[in-house]
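Computed from a predicted model, the values in this text were never measured in an experiment. Every chain is numbered from 1 and lettered A, B, ... according to where its sequence line falls, protein lines coming before strand lines.
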Protein chains: 2
Amino acid sequence: MARKMEPIERCDCDVIHDDIVRQVKNKMPQEETLYDLAELFKVFGDSTRIKILWALDEAEMCVCDIAFLLNMTQSAVSHQLRVLKQVDLVKNRRDGKNVFYSLDDEHVKQIFNQGLIHISEEDN
Amino acid sequence: MARKMEPIERCDCDVIHDDIVRQVKNKMPQEETLYDLAELFKVFGDSTRIKILWALDEAEMCVCDIAFLLNMTQSAVSHQLRVLKQVDLVKNRRDGKNVFYSLDDEHVKQIFNQGLIHISEEDN
DNA sequence: ATAATATATGAACAGTTGCTCAATCGATCA
DNA sequence: TGATCGATTGAGCAACTGTTCATATATTAT
């Protein structure tokens with residue numbers, strides 16, 4: 001996690017590399033943008049959360065329903081819903097004793113589908 | 001990580017929920033598919049790997065070039081390239097003392113862009 | 001051969017993650 | 001009011017992750 005502060009020493013590669021590296025450096029998005037992107041994918045990088053998101057894409061559901069569907073404790077589901085809410089992937093509304101969760105982003109399924117394309121191509 | 005084996009007890013929610021939950025359950029992809037999807041996103045869930053992938057999308061580069069570009073040790077970069085290779089996101093070729101890495105999937109940028117769409121919409 | 005360079009790899013370590021468990025909060029109902 | 005149900009929250013923990021460091025391997029140059 002901790003980043004080295006002293007610049008890495010350059011290897012003896014050709015000057016050609018030098019130009020390419022400089023070009024790539026200029027084309028790269030901002031450090032912060034790439035960090036945020038990683039943070040988003042980190043949220044997708046857990047099968048429990050993937051399942052929850054996929055389920056909520058089908059229908060709005062309360063916590064206990066999700067827990068039953070995924071065969072998990074309410075507590076575990078609640079913890080994960082919290083994570084999903086923090087990054088604005090889901091929203092919720094209270095109805096009596098229940099709290100209903102639903103998707104708060106229409107691109108989730110598109111992102112998933114892109115990922116599935118990669119997976120299906122791996123089996124070659 | 002460890003999954004509970006005894007089924008979660010059902011809450012006293014309406015019978016309506018029961019139907020919805022059953023419907024959602026039927027529509028959900030296979031457990032394994034969702035697991036694989038999470039594994040893929042887990043790889044994207046690290047800013048170092050995101051940077052490497054983004055860089056390699058611009059140009060083929062050797063390990064020391066990537067290390068210099070990202071101001072990281074060769075070792076750290078090499079470890080991450082190994083991870084990326086294991087999931088078929090990058091490929092490599094040796095040229096003398098150097099090993100050149102390049103992208104092995106054309107959808108990477110598309111997946112990134114989908115993610116960026118979500119991020120940019122968060123700032124509301 | 002030896003030395004030098006580029007990369008890979010394994011152990012170790014700190015930091016993080018996702019779950020369980022217990023306690024708590026919020027709303028409803030007797 | 002107290003009892004109950006659904007949901008949330010915090011502590012604690014085992015498992016995992018990403019880096020560093022030291023070492024090993026592979027290729028080239030001397």
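Side-chain atoms of R93(A) do not come within 3.5 Å of backbone N or O of F100(A) as any donor-acceptor pair. A donor-acceptor pair under 3.5 Å links the side-chain atoms of R94(B) to the main chain of G96(B), judged by distance alone.
When the nucleotides dA6(C), dA8(C), dT20(D) are ranked by their closest atom to the side chain of A76(B), dT20(D) comes out on top. Among dT19(D), dT7(C), dT8(D), the nucleotide with an atom closest to any side-chain atom of V99(A) is dT8(D). Nearest nucleotide to the C62(A) side chain, out of dA7(D), dT19(D), dA8(C): dA7(D). Listed nucleotides dT7(C), dC19(C), dT20(D) differ in distance to N98(B); the shortest reach to its side chain belongs to dT7(C).
Nucleotide dG6(D) holds its P atom 11 Å from the CZ atom of F100(A), rounded to whole Å. Here the C1' atom of nucleotide dG18(D) and the CG atom of L70(B) are 14 Å apart, to the nearest Å. Atoms CG (N71(B)) and C1' (dT20(D)) sit 15 Å apart, rounded to a whole Å. M61(B) places its CE atom 16 Å from the C1' atom of dA6(C), with the value rounded to the nearest Å. Across the protein-nucleic acid pair, L81(B) atom CG and dA6(C) atom C1' stand 13 Å apart, rounded to whole Å. Distance, I50(B) CD1 to dG18(D) P: 12 Å, rounded to whole Å.
Between D46(B) atom CG and K51(B) atom NZ the span is 9.0 Å, to the nearest 0.5 Å. Separation of atoms CG (D57(B)) and CD (E106(B)) is listed at 10.5 Å; rounding is to 0.5 Å.
For R49(B) and dG18(D), the shortest distance from a side-chain N or O to OP1 or OP2 is below 4.0 Å. Contact check, Q74(B) against dA6(C): no side-chain N or O comes under 4.0 Å of OP1 or OP2. Put simply, S78(B) has no side-chain N or O that comes within less than 4.0 Å of OP1 or OP2 on dT9(C). Under 4.0 angstrom from either OP1 or OP2 of dT9(D) there lies at least one side-chain N or O belonging to R82(A). Regarding contacts with the backbone of dT19(D), a side-chain N or O of Q80(B) is found under 4.0 angstrom from either OP1 or OP2.
By the stacking rule of 5.5 Å between ring centres and under 30° between planes, H79(A) does not stack on the base of dC19(C).
Between N92(B) and E39(A), the residue anchored closer to the 5' end of DNA chain C is N92(B), taking for each the nucleotide with the nearest heavy atom.
The distance between the ring centers of F112(B) and F44(B) falls below 6.0 angstrom.
Among the heavy atoms of the strands lying under 4.0 Å from Y101(A) are primed sugar atoms or P, OP1, OP2 only; no base atom is included.
Between the side chain of S75(B) and the base of dC21(D) there is at least one donor-acceptor pair of N/O atoms closer than 3.5 Å.
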